[in-house]
> 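Okay, here's the structure, questions in a sec.
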Amino acid sequence: KYRIIAESKNGYEWDVISEKVHRGHESIILSNEKIEKKYVMYEGGLFIKCLISEDLENWNDKNSLLFTTRHGHFDKDNIKLIGSILTSGGIMLMYQSLEYSGDTYKASIGVVIFDKKNPFKMIWRSSEPIWQSDVSFSKHTECRPLGIVERDDEILIFLSTDSIIITITLDKDELKLNVPKFTKKVLVKHKKNPIMSPHSENEWENEAVFNPATIKDDEGYVHLIYRAIGSDGVSRLGYNFSKDGFNFDNRHLRPIFALKNPRSNIKDNIKRFDPI
């Protein structure tokens with residue numbers, strides 16, 4: 001399978017710009033727009049990522065993890081990207097989520113807003129779906145996103161099953177998103193960020209490190225426990241410590257906590273790793 005990027009001026013004749021082996025995830029390009037002279041692509045899968053390119057041929061996905069499903073929300077089970085639009089308030093990325101109930105599910109649509117000048121910076125995510133299907137689908141019926149089209153004052157969203165195509169029309173004026181407006185900076189990022197990155201040689205943390213918790217002891221050392229995700233998509237806890245709270249160069253090579261069988265629902269099936 002290949003990921004093909006093509007361009008058309010009339011919708012009938014297409015010129016292929018790039019043709020590369022597909023990584024198995026849906027990809028959404030912010031069409032006809034550049035951010036800081038670069039093209040922007042959002043990629044789905046277990047984790048939503050942002051990729052940038054100068055030529056639509058070579059894409060950089062370093063440190064690109066953005067967000068994933070959320071436990072306890074409408075998008076806790078499944079996420080598939082639909083499309084993105086550049087608006088006055090930022091980059092609007094729409095995604096489909098499936099809410100299961102027994103042998104059936106309902107399709108919902110969520111929204112994430114990214115900074116117009118920084119496509120990696122999330123500024124808002126909807127806590128409730130902006131749309132949800134009235135009917136339920138069997139778990140054996142796949143409901144897939146096809147894409148979105150911006151037309152005048154409307155946004156058209158297209159979903160499909162094996163037998164029907166669903167068209168959703170949203171009026172831009174009626175699409176009220178409660179996006180907070182920030183008037184001043186409360187915190188300033190440290191100039192050496194990121195202070196920790198995924199470790200390419202450790203399979204259990206080579207995909208992402210995030211959600212840290214820290215404590216400072218009586219001797220001034222800052223101890224950090226962080227959530228890590230490896231190439232298998234499983235979360236584990238890692239440990240690092242620092243003398244100044246900025247330079248964390250003492251990470252353990254093994255996780256300090258991991259589920260023995262993370263793919264099962266068996267309770268108390270836990271394996272702990274002794275610190276190195």
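Computed from heavy atoms alone, side chains included, the values below leave out hydrogens, waters and symmetry copies.
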> Could you state the interatomic distance from CG (L237) to CD1 (I225), rounded to the nearest 0.5 Å?
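Output value for this atom pair is 7.0 Å.
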
> Roughly how far, to the nearest 0.5 Å, is CD1 of I79 from OG1 of T68?
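Spacing of OG1 (T68) from CD1 (I79) equals 6.0 Å.
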
> Between Y226 (side chain only) and N240 (backbone N and O only), is there a donor and an acceptor less than 3.5 Å apart?
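Such a contact is absent between Y226 side chain and N240 backbone.
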
> Restricting to non-hydrogen atoms, name the atom on W59 and the atom on V40 that form the minimum distance, rounded to 0.1 Å.
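Closest pair (atom of W59, atom of V40, distance): CZ3-C, 4.1 Å.
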
> Would you sort out whether L253 and E201 count as a side-chain contact (heavy atoms from CB on, under 4.5 Å), showing the intermediate values?
CA-CA 9 Å; L253 297 181; E201 297 181 2; over 6 Å; no

> Treating Ile, Leu, Val, Met, Phe, Trp and Tyr as nodes and any side-chain heavy-atom pair under 4.5 angstrom as an edge, say whether L98 and I130 lie in one connected cluster.
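Result: yes, single cluster for both.
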
> Would K49 and E207 satisfy salt bridge (charged side-chain N to carboxylate O under 4.0 Å, His left out), going step by step from the backbone distance to the final call?
CA-CA 11 Å; K49 297 182 176 182; E207 185 66 36; 2.6 Å; yes

> Tell me the closest heavy-atom pair linking P119 and I35, and the distance in Å.
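Taking every non-hydrogen atom into account, CD-CG2, 3.7 Å.
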
> Applying a strict under-4.5 Å side-chain criterion to I, L, V, M, F, W and Y, I'd like to know whether F210 and L224 cluster together.
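No.
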
> Quick one: does any side-chain atom of N206 pair with a main-chain N or O of S231 as donor and acceptor, under 3.5 Å?
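The answer is yes, because a donor-acceptor pair under 3.5 Å joins these two groups.
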
> Pair V222, I215 - check side-chain contact (heavy atoms from CB on, under 4.5 Å), show working.
CA-CA 6 Å; V222 177; I215 187 172; over 6 Å; no

> Rounded to the nearest 0.5 Å, what separation is found between the OG atom of S88 and the NZ atom of K116?
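Output value for this atom pair is 6.5 Å.
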
> Is a side-chain N or O of D152 found less than 3.5 angstrom from the main chain of E154, in a donor-acceptor match?
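Checked: no pair found.
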
> How close do G83 and I28 get, counting heavy atoms only, and between which atoms?
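G83 and I28 have their closest heavy atoms at CA-CG2, 3.6 Å.
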
> Identify every side-chain donor-acceptor pair in residues 89-97 under 3.5 Å, counting partners at least two apart or on other chains, and give the distances.
{"residue": "Y95", "atom": "OH", "partner": "D75", "partner atom": "OD2", "Å": "2.6"}
{"residue": "Y95", "atom": "OH", "partner": "R125", "partner atom": "NE", "Å": "3.3"}
{"residue": "Q96", "atom": "NE2", "partner": "C143", "partner atom": "O", "Å": "2.9"}
{"residue": "S97", "atom": "OG", "partner": "F74", "partner atom": "O", "Å": "3.1"}
{"residue": "S97", "atom": "OG", "partner": "N78", "partner atom": "O", "Å": "3.1"}

> Between V16 and I5, is the side-chain contact (heavy atoms from CB on, under 4.5 Å) condition met? List the steps.
CA-CA 6 Å; V16 176; I5 299 176; over 6 Å; no

> Considering all heavy atoms of both residues, which atom of V209 and which atom of A228 are nearest to each other, and what is their separation?
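Closest approach of V209 to A228: CG1-CB, 4.2 Å.
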
> Is there a side-chain contact between V112 and F67, using heavy atoms and a 4.5 Å cut-off?
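Side chain of V112 against side chain of F67, heavy atoms only: contact under 4.5 Å found.
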
> List the steps and the verdict of side-chain contact (heavy atoms from CB on, under 4.5 Å) for I168 and I109.
CA-CA 10 Å; I168 305 157; I109 295 177; 3.6 Å; yes

> Any side-chain heavy atom of E43 within less than 4.5 Å of one from L51?
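Side-chain contact under 4.5 Å: yes.
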
> Is there a donor-acceptor contact under 3.5 Å from the side chain of S242 to the main chain of N247?
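Yes, S242 side chain to N247 backbone: donor-acceptor pair under 3.5 Å.
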
> Within the distance-only criterion (no hydrogens, no angle test), does the side chain of D217 pair as donor or acceptor with the backbone N or O of G220 below 3.5 angstrom?
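Looks like yes, one N/O pair under 3.5 Å.
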
> Do NZ/NE/NH1/NH2 and the carboxylate oxygens of R144 and E142 come within less than 4.0 Å?
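So R144 pairs with E142 through a salt bridge.
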
> Do M122 and F120 sit in the same hydrophobic cluster, where Ile, Leu, Val, Met, Phe, Trp and Tyr count as joined when their side-chain heavy atoms come under 4.5 Å apart?
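Per the 4.5 Å side-chain linkage, M122 and F120 are co-clustered.
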
> Taking side-chain hydrogen bond (donor to acceptor under 3.5 Å, both in side chains) as the definition, give me every residue that meets it alongside D55, ordered by chain and number, with sequence neighbours left out.
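Testing D55 for side-chain hydrogen bond (donor to acceptor under 3.5 Å, both in side chains), a comparison that skips the adjacent residues, returns S53, N58.
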
> Measure across I229 and S235 and return the closest heavy-atom pair with its distance rounded to 0.1 Å.
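Of all heavy-atom pairs spanning I229 and S235, the closest is CG1-OG, 3.7 Å.
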
> Check for me whether the distance between the ring centres of F114 and Y42 falls short of 6.0 Å.
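Yes - the distance between ring centres of F114 and Y42 falls below the 6.0 Å cut-off.
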
> Please round to the nearest 0.5 Å and tell me the distance separating atom OG of S84 and atom CD1 of I148.
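Separation between the atoms: 6.5 Å.
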
> Does a side-chain heavy-atom distance below 4.5 Å link E99 with Y105?
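No; the side chains remain at least 4.5 Å from each other.
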
> Does atom CD of E54 have more than 12 heavy-atom neighbours, drawn from other residues, nucleotides or ligands, at distances under 6.0 Å?
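Atom CD in E54 is not packed in, count stays at 12 or less.
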
> May I ask you to decide if Y100's main-chain N or O and K106's side chain share a donor-acceptor pair within less than 3.5 Å?
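No.
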
> Report yes or no: does T161 contribute a side-chain atom to a donor-acceptor pair with the main-chain N or O of I164 at less than 3.5 Å?
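Side chain of T161 to backbone of I164: a pair is present.
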
> Is L156 reachable from L159 through a run of I, L, V, M, F, W or Y residues, each pair having side-chain heavy atoms under 4.5 Å apart?
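In one cluster: no.
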
> Could you check R236, R251, H199 and say which one makes a side chain to side chain donor-acceptor pair (under 3.5 Å) with E205?
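Result for side chain to side chain donor-acceptor pair (under 3.5 Å) with E205: R251.
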
> For E13, enumerate each residue passing the side-chain hydrogen bond (donor to acceptor under 3.5 Å, both in side chains) test, keeping only those at least two apart in sequence or located in another chain.
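Checked E13 against side-chain hydrogen bond (donor to acceptor under 3.5 Å, both in side chains); matches are N10.
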
> Rounded to the nearest 0.5 Å, what separates atom CG in D249 from atom NZ in K243?
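NZ of K243 is found 10.0 Å from CG of D249.
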
> Backbone N or O of K192 within a donor-acceptor pair of the H190 side chain at under 3.5 Å?
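Answer holds: yes.
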
> How far does CG of N250 sit from OH of Y221, to the nearest 0.5 angstrom?
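Those atoms lie 8.5 Å apart.
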
> Between R254 and W204, which heavy-atom pair has the shortest distance, and what is it?
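Taking R254 first and W204 second, the nearest heavy atoms are C-CZ2, 3.5 Å.
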
> Report yes if some heavy atom in the side chain of L259 is under 4.5 Å from a heavy atom in the side chain of V234; otherwise report no.
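No, every pair of side-chain atoms sits at 4.5 Å or beyond.
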
> According to a hydrophobic-cluster definition based on side-chain heavy atoms being under 4.5 Å apart (Ile, Leu, Val, Met, Phe, Trp, Tyr only), do F137 and I157 belong together?
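F137 and I157: one cluster.
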
